[in-house]
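In what follows, chains carry the letters A, B, and so on, assigned in the order in which the sequence lines appear, proteins first and then strands, with residues in each chain numbered from 1.
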Amino acid sequence: MTRALTLRIPFDLHAVSLSRPKGAPARLRRWGATALVALVSGLWTPLQAQTTPQTATVQRSVNEWLTRMHEASRQRAYMGTLVVSDGTSMSAARIWHVCDGVQQMERVDTLTGAPRTTIRRNSDVITFVPESKTAWVEKRESLGLFPELLRTPSNAIPSYYGVRETGVERVAGYLADRVEIVPKDNLRFGYRIWSEKKTGLVVKLQTLGGQGAVLEQVAFSELQLDAPVRMDKLSRLMNDTRGYEVHKPVLRKTTPEAEGWRLKDGVPGFLPMSCHTREDEGLQGADVAPMQWVFSDGLASVSLFVEPYDARRHGPEKSAVMGATHSVTRRIGDHWLTALGEVPMGTLNRFAQALERIP
Amino acid sequence: MNAAQEHMKPSPVYTLAEAMEKQQDPLAPADAALSGLSAMLDSEVASEDLDLALAAFGVHPEGRASWHAYQVIGDVLRASGPVVSGCAPQVFLAGIHARLQTGEVSEAVSAGLPEEQPAAPLPGVQQVRGAAANDAVFRWKLVAGVASLAAVMAVSWSVLGSAPGGSGGSSTAGPQLALTSPAANQAGGATTIDSGRADALQPASGAVVINTAQGPLVRDAQLEALMAEHRQFGGVSALQMPAGFLRNATYDAPAR
């Protein structure tokens, strides 16, 4: 997927320069295309010159690395531009992050697609959509789960992933350790993480499929560490919903048993994390919100959505890929299952085969 | 702009002359009653003649036009404040039509008006934008023509390139959201649909196939909604805090 993109960009550039006359707008377009190529290739090609062989430093375990990265984002203030690519599309956002030791706040302003501002205080999240003048208030409990999960005995990450330090590279102007988290079976993807050398902050992250193909990547294109980000200012922004229609999707906690579902066989490494349905005024008509049953192996997560089968809405069973996110649908009697997550298709198929109705 | 300024210079003379010339017609049938209006304007009418003058204003169809003409003449002569226009729109339009028919477009007159009130026209006076300074230079038209031709070519190039099976290199690209049959899943991994088969693709109701340069792209609103929900509430990962949340917030996902 990555290769397809890098091949295509120069092709588009060729098309642009062929068909445009030598005029001011054409020059502008060409420069724009050149800038795009520069940006993309800057993300893709490893800075080989910066790579130095790993010296005799103490090797950290996968848990130590993950804890270090987690702590780095908890203790730092920074701002920067984050670029996300899933192989065929690119998104970018402006990021502000601040922490006062007790709580952390973050602001994400999208630079591509529909304008959107997301502000987070710990696990409280509000998303402003200026075009529709709506604001969405949510609680994301998954944000508070770590690093507690890393410390508990149920932490299975080292059983399913190994770690490999593969050198030092420069990302967004900072030297970063390149760490590869390698899956021990084919039920999960690998990760290549660039962790800023001094602080441990994650400055770039790739999700790797089979044969090391990059399925998706996230990177700071520009980053300012210890930036003067003001928490009070972010708080004011977060609370100022004047002129916005505020929606509060309510999650109703439930259990799969209560909903009448169970897994025949578990999928190695994946533990159930939460199960809920959604009480949402936004759902059209008589639609019932699907049950969402979430599994995680510590790094990758899978959601099983189960809802009543509706011949009008649900077509034939199918599967889809979007970056690293795969999905599989399956009809189970009168119900419709959509399994999706950042895992290989085979893992989703195992979930889909294992889910059954409690008689 | 320069051209317009050159035209401006003789304008005061034109304004006065034309306004007077134009108003000769309403003045022609002027009888004693209408000349009473003129006297009234100059504050020279006696109180006993005032009723007569006002009655003439109501009776004569030209009364209103004459009243306005007198005011314009007075304003122009005094040349102090802006010229007041109180004429009826139909009078104004009729004037324009008459002028257009004679082919005489007096931009010079309009350019002579004070800049503060370009919307207040004189009767029969039309404001026309001067031709562009490079209008006469054929070279510019040639450049514009070539540019628009190039734009059309660029657009058609990308359209042709993105058509299924087109020659535009879509064969090198994989679809962003590739559908596979369940049988293909069992065989392991997602297989992508080649561009040639895109026409035969029958998506589920609610799914829309869009042909892009990257191949057919299936926009399935339901699936996208679930993906968004997965990212919001299912992102249970040790990487969530350092990167996952930021990534999800950055994604160009449809907002529910």
Here the gap from Arg231(B) atom CZ to Arg140(A) atom CZ, rounded to the nearest 0.5 Å, amounts to 11.0 Å
When rounded to the nearest 0.5 Å, the distance separating OG of Ser303(A) from CD of Glu229(B) is 8.5 Å
**Full working for side-chain hydrogen bond (donor to acceptor under 3.5 Å, both in side chains) between His230(B) and Gln292(A)** = CA-CA 8 Å; His230(B) 168 72; Gln292(A) 184 179 6; 4.7 Å; no
Test Val218(A) against Leu246(B) for side chain to side chain contact (heavy atoms under 4.5 Å, CB included), laying out the working first.
CA-CA 9 Å; Val218(A) 186; Leu246(B) 295 179; 5.9 Å; no
Output for pair (Glu307(A) CD, Leu226(B) CG), nearest 0.5 Å, gives 6.5 Å
Between Leu223(B) and Phe305(A), is there a side-chain heavy-atom distance shorter than 4.5 Å? no
So, the part of Leu348(A) with a heavy atom under 4.5 Å from chain B: the answer is neither
Ranked by heavy-atom pairs below 4.5 Å to chain B, first place among Glu216(A), Arg330(A), Met69(A) goes to Glu216(A)
The interface call for Ala72(A) against chain B, heavy-atom contacts under 4.5 Å, is neither
Applying a strict 4.5 Å limit to non-hydrogen atoms, the region of Leu82(A) in contact with chain B is both
In short, Val108(A) meets Phe245(B) closest at the heavy-atom pair CG2-CE2, 4.5 Å
Okay, Leu201(A) and chain B: the region with an atom under 4.5 Å from a heavy atom over there is neither
In terms of heavy-atom contacts, Arg247(B) and Val84(A) come closest through CG-CG1, 3.9 Å
_Between Gln222(B) (side chain only) and Arg313(A) (backbone N and O only), is there a donor and an acceptor less than 3.5 Å apart?_
yes
Applying a strict 4.5 Å limit to non-hydrogen atoms, the region of Leu205(A) in contact with chain B is side chain
